[in-house]
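First comes the structure, then the notes that go with it.
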Amino acid sequence: MELKTGKLYMINGPVVKASNTSSFMMHEVVRVGKIGLIGEIISLEGDRATIQIYEETTGLRIGEPVQSSGKLLSVMLGPGMIGNVYDGIQRPLEVLRSRSGDFLKRGVEVLPIDFKHEWDVEISIKDGDTVKEGQIIATVDETSSFTHRIMIPPGISGIVKNVRTSGRYAVDTVIAEIDDGNDKYNLTMFQNWPVRTPRPYKERLAVDEPLITGQRVIDTFFPLNKGGAACIPGGFGTGKTILQHQFAKWSDADVIVYIGCGERGNEMTEVLEEFPELKDPRNGKPLMERTILIANTSNMPVSAREASIYTGVTIAEYFRDMGYHVAVMADSTSRWAEALREISGRLEEMPAEEGFPPYLSSRLADFYERAGKVAALGNENLGSVSIIGAVSPPGGDFSEPVTTHTKRFTRCFWALDKSLANARHYPAINWLTSYSENIGDVKEWYSKTVSKDFFKLRNEALALLNEDDRLQQIIKLVGEDVLPDDQKLTVRAASLIKVGFLQQNSYSKVDCFASLNKQYEMLKIMLVFYEKARELISLGVAISEILKGSILNTLMRMKEEVSNDNVEKITVIGKELDSFFMALKKKYSGKPHNM
Ligand SMILES: Nc1ncnc2c1ncn2[C@@H]1O[C@H](COP(=O)(O)OP(=O)(O)OP(=O)(O)O)[C@@H](O)[C@H]1O
Ligand SMILES: [Mg+2]
């Protein structure tokens with residue numbers, strides 16, 4: 001293909017226009033100016049093109065060339081991605097830094113994966129085999145805990161020829177040829193895929209399994225499906241980032257793609273410093289061995305925020321196609337929406353709500369629709385992409401466009417609450433306004449995997465919290481003292497659940513992650529306490545008697561004192577609780593008490 005050169009005639013921040021571009025294509029990658037800045041065609045009209053540039057445009061001049069590439073904005077997918085930190089257009093930051101120093105040079109082109117590295121490849125096809133798109137034909141142990149499955153790219157099928165034997169190869173080595181009768185395709189271990197096009201799959205499946213996050217308020221109260229999408233709206237400093245970090249660390253996904261989009265650089269630094277030290281609680285392996293980071297921080301070009309979102313989700317789909325469960329965290333989608341607003345303003349498009357472009361809603365929909373559980377093309381594997389998007393509504397106002405649109409496309413809504421954060425109740429997820437529409441889908445899974453009465457307990461606890469909310473209104477008006485003992489108990493039991501269960505300290509070694517079993521046993525015993533105390537109060541025992549003992553305190557401290565591998569300790573606490581109530585009952589049985 002002949003590659004054409006256009007000519008710059010307008011520059012407006014990250015948006016530039018060029019003439020002589022009639023042969024260019026929509027969403028094609030172009031190199032702009034003498035320095036070769038990386039850009040993408042975002043509109044074409046006659047022989048003129050509008051280009052969004054993913055690097056700083058300072059110093060660019062009218063008349064400079066715009067070089068077409070013949071390629072759509074794409075990601076390169078293959079072994080060597082895990083553990084990497086990429087910028088929004090999939091350039092490995094470490095390589096960029098080694099080439100250009102701490103202040104990244106512009107126009108630098110680097111390969112997203114290392115072509116020099118040789119991998120031990122286990123090839124499972126032979127000459128004469130018929131292979132089809134999506135089929136897994138080789139494996140590479142990319143890290144000590146992650147096996148990369150090499151697939152035939154979508155759209156390719158045919159007869160295998162000249163296949164190599166298993167051995168050590170670089171990703172660009174031709175390991176076989178695929179002959180479809182007309183053409184011969186050279187099969188390597190990498191493939192390219194345009195980021196704006198969702199990767200194909202055989203069929204979308206019902207989501208029926210939760211993504212376990214180790215965060216009690218999520219797993220027990222508002223679970224997210226593997227293949228589902230969640231929205232975390234929260235005003236400034238309410239804990240969005242810490243929560244996203246918690247998910248990245250502890251979720252039971254096979255691969256994590258963490259997109260830092262337009263947020264402060266130091267938040268990514270925390271991840272970079274902390275993650276390599278952390279071990280996966282399931283297999284003891286370093287968490288970086290399943291993680292890919294995409295960093296497009298606030299000091300990096302605004303226009304690359306959108307690219308970072310698409311890059312992240314496309315990489316996630318690729319691992320999904322291998323049959324893995326992938327979780328994508330995007331922090332914060334509001335910064336992406338703001339970038340859309342800025343670019344749209346420069347394009348002089350007609351603004352809609354709060355200056356955002358009219359297509360804000362469809363862009364968000366396109367992104368969240370890429371979540372899902374699927375039967376992959378050409379292999380029997382089931383994989384999923386779950387997406388958790390943080391939203392930063394200005395002033396914490398959830399009626400603003402990004403929050404309201406995101407809410408439409410996600411089935412979990414984890415609303416972070418300023419007053420909870422101020423009271424240092426973390427995670428500051430408001431249990432009254434948050435919801436998960438996934439409960440019906442995962443009920444059976446919880447019932448089989450954890451316990452039949454899991455959701456019964458959850459519903460009881462939620463009812464208790466709702467009743468507490470009603471009582472809190474009364475307390476505000478007249479104080480707690482006027483409440484009868486049974487209502488005082490409701491307030492105490494709700495407080496136990498709020499402090500002892502919903503609050504979870506991400507900085508605590510023991511409490512940062514709670515296994516499902518621990519979550520279940522904790523909630524169960526808290527509700528047993530409520531039940532038994534209620535019974536005694538109905539028998540006339542004063543609440544002061546119940547609060548006198550140390551049992552409530554023991555239940556409050558369970559989260560810190562019972563580790564995930566010693567959940568049986570809760571049975572011992574249960575015995576303590578039984579004998580405490582038994583003794584009280586014995587003491588007061590038969591006597592009328594109103595002390
Ligand atoms: N689960 C948690 N456990 C303990 N502390 C927490 C937790 N979540 C949040 N915090 C505290 O709240 C602070 C702010 O959290 P974070 O940076 O995640 O907020 P944010 O919503 O991302 O803020 P911003 O709007 O500035 O991006 C943290 O530095 C930490 O001190
Ligand atoms: Mg943040």
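Counting convention: from 1, in listed order, for ligands and their atoms alike. Along the sequence shown, residues are numbered consecutively beginning with 1.
With respect to atom 12 (O) of ligand 1, the closest heavy atom belonging to the protein is Y426 OH, 3.2 Å. Scanning the protein for heavy atoms near atom 25 (O) of ligand 1, the closest one is K240 NZ, 2.9 Å. Nearest non-hydrogen protein atom to atom 27 (O) of ligand 1 is E263 OE1, 3.2 Å. Of the protein's non-hydrogen atoms, the one nearest atom 18 (O) of ligand 1 is I242 N, 2.8 Å. Annotation: atom 29 (O) of ligand 1 to nearest protein heavy atom, Y507 OH, 3.9 Å.
Here R305 does not pair with E342 in a salt bridge; the nearest charged N to carboxylate O distance is not below 4.0 Å. Salt bridge absent: D219 and R458 never bring a charged side-chain N and a carboxylate O closer than 4.0 Å. The pair R370-E317 meets the salt-bridge criterion, since a charged nitrogen lies less than 4.0 angstrom from a carboxylate oxygen.
Ring geometry, F221 versus F501: the interplanar angle exceeds 60°, so the pair is classed perpendicular (tilted spans 30 to 60°). Between F367 and W336, the two ring planes are perpendicular [angle over 60°; tilted spans 30° to 60°]. The aromatic rings of F413 and Y435 lie parallel to each other, with less than 30° between the two planes, well short of the 60° mark.
Results of the ring-ring contact (aromatic ring centres under 6.0 Å, His included) test with Y324 over F146, Y318, F319 single out F146 as the only residue that passes.
Ligand 1 has a nitrogen or oxygen under 3.5 angstrom from a nitrogen or oxygen of G239. Checked by distance only, ligand 1 and G237 come closer than 3.5 Å through their nitrogen or oxygen atoms.
Applying the 4.0 Å criterion to heavy atoms of R424 picks out, from ligand 1, the atoms 31 (O). Close contacts between ligand 1 and F236 involve ligand atoms 25 (O), 26 (O) [criterion: under 4.0 Å to a heavy atom]. Each of the following atoms of ligand 1 lies closer than 4.0 Å to a heavy atom of T241: 18 (O), 20 (P), 22 (O), 27 (O). The ligand atoms of ligand 1 that sit less than 4.0 angstrom from a heavy atom of S506 are 1 (N), 2 (C), 3 (N), 4 (C), 7 (C).
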Go through F409 and Y368 one step at a time and tell me if the ring-ring contact (aromatic ring centres under 6.0 Å, His included) criterion holds. CA-CA 6 Å; F409 312 123; Y368 286 105; 7.2 Å; no
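In this structure, G234 does not count as a contact residue of ligand 1, since none of its heavy atoms falls inside 4.0 Å of the ligand.
Counted by atom type alone, Q90 and T311 present zero donor-acceptor pairs between their side chains at under 3.5 Å.
Inclusion of S332 in the first shell of the Mg ion (ligand 2) is not supported: no N, O or S atom falls under 2.8 Å.
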